[in-house]
Amino acid sequence: MGLWIDTDMGFDDLAAVLVVTHAGKRIDGMSLIAGNSPLERVRINAASAARQFGWGFKIYTGRETAVMGGLETAERILGPLGMQSSGAHLPDCRPIAESSAFDGLCNWLEGKSGPDDERHILALGPLGNIASLVLARPDLARKIDRVTWMGGAVTRGNHTALAEYNAFADPEAVAITLSHQVPLRMVDLGLCRQVQAIPNDVTPIRNAGGKNAGLLADLTEGYINIALSRGRDAMAIFDPCASVAVIDQDAISFADAHIEIDTSHGPSRGQTIVDPHPTAIKNAQYAVSVDTKRARDLIFSALKAEAAK
């Protein structure tokens, strides 16, 4: 299976990549998109992570705005670096000078040799890069076998009362992706909220003994502190849940549904409407259940293994 990662590179994106690499999955390329932070900070984070963790795949620069223009970031939650920390941060690294995400995705899909050569995309941010491909090269978009997206909310949101952040940041991109029959699996906010990180999860990472143990522990602790600062005792693990869906088909179950997204400019903008009724015309899948222990074990075993190197 060929796997491409599309990301706005915050801490949970970083953790999601580590889950994939720990499982032995080959990553063919990574495209970046503005989201957690403006694109330039996303590029710095990705280049810094690649150097710190020895990633060998190419990294490509994607969209710096939503499909219809404008930029909505998560900096008010994640801070100006796009990653909270209780201490150490990724050392800033000059962005990697690669070609555009659009060109990279096109070349990757053009290289597909046949039906047995699958092309999967793990999307961890807004879907603008996917929508750009769909609009400009629908012939290549048809070669995508699956997009597993961490985004949307079946019930309540987090960026607004109704909308999850990745959906709210570029709802038109989600609408474009859905309308062109790209095989989309949605790992939504509610599903991810069932898989949580607690303060006690930090100590095994910190004690792992490798060169990145302190860094990963501080980043994990900073991530958990987002919830603690809001009076909660645990932090939902978002993007790594989508990675779990990619590496372990038994950990997360999916069901067919008709999914739409609100592209209005009112209070419901970015809301994902999921209709699983048998009579609905199905256009996507959404995650309906997760083996919480199995997902947590996969995620934290990856973080501890990386911290031990």
Side-chain angles (χ1 to χ4, degrees), residues 1-9 13 16-17 20 25-35 39 42-43 46 55-69 96-152 166-167 169-187 239 242-243 245-247 254 256 258-261 263 281-286:
M1 178 184 75
L3 180 65
W4 186 282
I5 296 182
D6 190 73
T7 174
D8 53 354
M9 197 48 73
D13 303 70
V17 177
V20 170
K25 299 290 186 182
R26 186 188 79 245
I27 298 171
D28 292 339
M30 173 182 284
S31 49
L32 306 178
I33 189 161
L39 184 60
V42 172
R43 294 180 69 217
W55 298 343
F57 48 80
K58 289 186 176 181
I59 300 175
Y60 299 86
T61 299
R63 296 191 62 89
E64 60 183 343
T65 64
V67 169
M68 300 299 290
I96 299 168
E98 297 286 2
S99 58
S100 75
F102 178 79
D103 291 340
L105 280 163
C106 285
N107 291 336
W108 180 63
L109 291 167
E110 284 171 343
K112 183 173 179 178
S113 59
D116 294 330
D117 181 16
E118 294 186 342
R119 291 288 188 263
H120 292 194
I121 297 175
L122 173 60
L124 305 173
L127 290 179
N129 288 333
I130 312 302
S132 295
L133 174 75
V134 165
L135 289 173
R137 292 296 305 270
D139 58 318
L140 291 179
R142 286 192 288 272
K143 293 188 175 186
I144 299 172
D145 292 285
R146 178 178 293 161
V147 175
T148 299
W149 176 49
M150 191 280 116
N166 287 335
D170 198 345
E172 285 79 13
V174 181
I176 289 166
T177 302
L178 288 168
S179 66
H180 284 76
Q181 291 81 53
V182 174
L184 181 71
R185 296 195 308 179
M186 188 174 88
V187 181
D239 291 340
S243 290
V246 168
I247 68 169
F254 290 85
D256 295 332
H258 181 80
I259 299 177
E260 294 183 359
I261 187 163
T263 56
I281 299 174
K282 310 300 192 295
N283 65 345
Q285 293 185 315
Y286 74 109

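This one's a predicted model, so the numbers in the text were calculated from it and none came from an experiment.
- Counting heavy-atom neighbours within 6.0 Å of M68 CE, excluding the residue itself, gives a total of 12 or less.
- Rounding to the nearest 0.5 angstrom, the gap separating the CZ atom in F102 from the CD1 atom in I130 is 11.5 Å.
- Taking each heavy atom of R63 and N129 in turn, the nearest pair found is N-OD1, 3.0 Å.
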Inset, instruction - I would like to know whether Y60 and S100 meet side-chain contact (heavy atoms from CB on, under 4.5 Å); could you show each step before the answer? - result: CA-CA 5 Å; Y60 299 86; S100 75; over 6 Å; no
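- A salt bridge links D145 with K112; the closest basic N to acidic carboxylate O contact falls under 4.0 Å.
- The heavy-atom pair separating Y286 from D256 by the smallest distance is CE2-O, 4.2 Å.
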Inset, instruction - Starting from the C-alpha separation in whole Å, work towards a yes-or-no answer on side-chain contact (heavy atoms from CB on, under 4.5 Å) for L133 and I144. - result: CA-CA 11 Å; L133 174 75; I144 299 172; 3.9 Å; yes
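- Scanning both residues, A123 and V147, for their nearest heavy atoms gives CB-CG1, 4.1 Å.
- One finds no salt bridge joining E64 and R43 here, because no Lys/Arg side-chain nitrogen approaches an Asp/Glu carboxylate oxygen to under 4.0 Å.
- Contact between A101 and S31 at its shortest, heavy atoms only, is CB-CB, 3.5 Å.
- Counting non-hydrogen atoms of neighbouring residues, nucleotides and ligands closer than 6.0 angstrom, the NZ atom of K58 reaches no more than 12 such neighbours.
- A centroid separation of 6.0 Å or more is found between the aromatic rings of F57 and W4.
- Between L39 and I33, the closest side-chain pair of non-hydrogen atoms is not below 4.5 Å.
- With hydrogens and angles ignored, the 3.5 Å screen pairs no side-chain donor or acceptor of N283 with any backbone N or O of S179.
- Taken to the nearest 0.5 Å, the CG atom of D8 stands 7.0 Å off from the CG atom of D239.
- Between the side chain of D103 and the backbone N or O of S99 there is no donor-acceptor pair closer than 3.5 Å.
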Legend entry - Steps toward side-chain contact (heavy atoms from CB on, under 4.5 Å) verdict (L178, L184): CA-CA 7 Å; L178 288 168; L184 181 71; 3.6 Å; yes
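- The two residues A175 and T263 make their nearest non-hydrogen contact at CB-CG2, 4.2 Å.
- Here the side chain of W55 pairs no donor or acceptor atom with the backbone of A46 at under 3.5 angstrom.
- Interatomic distance, T148 OG1 to M186 CE, rounded to the nearest 0.5 Å: 12.5 Å.
- Remark: of the listed residues D13, L3, I59, D6, I59 is the sole one forming a side chain to side chain contact (heavy atoms under 4.5 Å, CB included) with M30.
- The shortest heavy-atom contact between R185 and F254 is NH1-CE1, 3.5 Å.
- Put simply, the side chain of N166 gets close to the backbone of M150: a donor and an acceptor are under 3.5 Å apart.
- For the atom pair CZ of R146 and CD of E118, the computed distance is 7.5 Å after rounding to the nearest 0.5 Å.
- In this structure, the side chains of L122 and S243 come closer than 4.5 Å at one or more pairs of heavy atoms.
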Inset, instruction - May I have the step-by-step check of side-chain contact (heavy atoms from CB on, under 4.5 Å) for V17 and T7, ending in yes or no? - result: CA-CA 10 Å; V17 177; T7 174; 5.8 Å; no
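- Atom-to-atom distance recorded for L140:CG and L109:CG is 5.5 Å, nearest 0.5 angstrom.
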